[in-house]
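Right, one structure below, let's go through it.
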Amino acid sequence: MNREAARGVSRSRPKMGEGGEEGRQQKSWRSVRTEKEEEQITQAFVVTLSLSSRVETAGLGKPQLETQKMMDGDKPWVLISEVGENGYLEEVIDIIKQHFNIICHRDFLKNPQLHGPKIQALFVWHTCPDPEPSLLSLLPSLKVVANGGVGVNHLDVSYITSLGVKVTNTPSVVSDATADMAMALLLASARRVVRGHQIAVDVQTTHLPLTLMGIDVTGSTLGIIGMGDVGYKIAQRCKGFDMKILYHNRNRRSDEDEQALGATYCENMDDLLKASDFVILGVTLTPETTGLISHRELSLMKPTATLVNVSRGLVVDQDAVVKALQSGTIHAAALDVTYPELLPRDHPLLGLPNVLISPHMGINTYSTIRRMVQTMVQSAVAAISGHPVPNEVKPR
Ligand SMILES: O=C(O)C(=O)CO
């Protein structure tokens, strides 16, 4: 699959900087405000932050609208893209506010000519549309695009850096949470936790589901494809489950790493696919890894095997996964990432009983998000002040 196709995930959503009726209609996933609230936020340099529906989901209160005047002349301005309909958590906003004046994308669009020239930093997430040249051209003072997350496949790094703008990401701080999520998916899929929950809460249920069988995790064979930081941490966790650990990676890890994990390197990915009870994908999405797992690879897997993906949806050929699950070529799939995200409600994956899907929430823990934003702020401040930039991403 080519790069354009790989970028198809963000294409399904409005691009940053896109105006027009179509763009506005597509933005219906963003939160809706009353007219009075709209009036409040049209003042120049007013920051409107809609608090996260995640906060509500977490039982911490309803999302609210907080409108603040922040005209601290000493602080540079950051344009923050909204994270889908979720907005930013309040405490995360507080971290940013210590160093920046903030304008959110929605308010920026109301008067880009006014706001654009003073913006020096742009904060984006993998859930956000790619900042298009049309947006970047409105930001003549931009010094840095700071991405929340390690994967930058949604950004055209070559183009952005060609403008003299630095790109940064947040490696390592995401690894533990993402590895935990891989374990959550693996365990929940193997032991059919979601189905069990459905049965337990079903008012019709009168008997314990003694025929609802899972598969063993302890003592099984795990194959990790992509042994970077996340893969390494998954292996650490699986060692505690007495799993036999195989891995495939561009570069073989050191002897010390292999010994510490009790992991065996498979130079040939096919060997790993044939031998594993669980295959976990932890690779970065690049042109080389796009469509890495397709019909042939799935056909090599055991019919009892489970595919777990915490990297990017486009690393697998999703149609091939649907077929493999329907035909029993593999036993199950547990996916934190898909394409697009979210899947259309009529997507065949959503109707399969042997699929567990979560909506790309690998990094969603409070401390992880906090550390990610701290990292973004640190990198952006360095870029703006002309210091060496931590976590700089160079074009490939
Ligand atoms: O770190 C990343 O790239 C993520 O996708 C976070 O979930």
Side-chain angles (χ1 to χ4, degrees), residues 3 6-10 12-13 52 54 57 80-86 88-89 92 122-131 145-157 160 167-186 224-234 237 280-290 292 308-316 318 334-343 356-380 390-394 396:
R3 178 161 170 82
R7 285 157 50 119
V9 177
S10 56
S12 65
R13 286 187 170 166
S52 170
R54 285 186 214 176
T57 317
I80 61 173
S81 54
E82 288 127 299
V83 184
E85 61 191 341
N86 289 333
Y88 276 53
L89 294 176
V92 157
L122 174 63
F123 283 6
V124 297
W125 298 76
H126 65 82
T127 46
C128 300
D130 194 357
V145 175
N147 179 60
V150 63
V152 291
N153 54 286
H154 55 298
L155 299 175
D156 190 340
V157 177
I160 298 170
V167 175
T168 70
N169 68 351
T170 63
S172 66
V173 291
V174 300
S175 305
D176 278 312
T178 309
D180 289 349
M181 189 69 201
M183 295 310 296
L185 287 172
L186 187 155
I224 303 176
I225 298 177
M227 193 63 139
D229 215 21
V230 172
Y232 190 90
K233 287 185 183 265
I234 292 170
R237 285 152 177 75
I280 301 190
L281 304 175
V283 291
T284 306
L285 180 66
T286 63
E288 294 79 40
T289 61
T290 300
L292 182 69
V308 180
N309 191 1
V310 289
S311 61
R312 286 291 182 269
L314 284 160
V315 170
V316 300
Q318 221 158 244
L335 313 169
D336 187 44
V337 286
T338 57
Y339 61 91
E341 289 170 353
L342 302 166
L343 290 172
L356 176 57
I357 300 191
S358 52
H360 201 150
M361 47 195 269
I363 49 132
N364 290 20
T365 74
Y366 287 103
S367 68
T368 304
I369 294 278
R370 228 180 354 250
R371 280 181 291 135
M372 286 169 75
V373 171
Q374 277 158 354
T375 307
M376 291 160 83
V377 165
Q378 192 189 22
S379 300
N391 307 309
E392 184 172 353
V393 180
K394 302 275 191 193
R396 283 167 50 84

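Basis for what follows: all heavy atoms, side chains included, without hydrogens, waters or symmetry-related copies. We count ligands from 1, going down the list as the structure has it; atoms in each ligand are counted the same way.
With hydrogens left out, the protein atom closest to atom 6 (C) of ligand 1 is I363 CG2, 3.2 Å, a heavy atom. Nearest protein heavy-atom contact of atom 7 (O) of ligand 1 is H360 NE2, 3.0 Å.
Checked by atom type, the side-chain pair N153/H126 shows no donor-acceptor distance below 3.5 Å. For the residue pair N309 / S311, a side-chain donor-acceptor distance below 3.5 Å is found, with atom types taken as modelled.
The heavy atom nearest to atom 1 (O) of ligand 1, considering only N147, N153, L285, V150, is found in V150.
Those atoms of ligand 1 with a heavy atom of V174 less than 4.0 angstrom away are 1 (O).
Closest heavy-atom contact between A179 and V230: CB-O, 4.1 Å.
Inclusion of R312 in the set of residues having an N or O under 3.5 Å from an N or O of ligand 1 is warranted.
Heavy atoms of M361 come nearer than 4.0 angstrom to ligand 1 in no pair at all.
In this structure, the side chain of T338 engages the main chain of P340 through a donor-acceptor pair within 3.5 Å. Side chain of T170 to main chain of G149: a donor-acceptor pair is present (N/O by atom type, distance under 3.5 Å, no hydrogens or angles).
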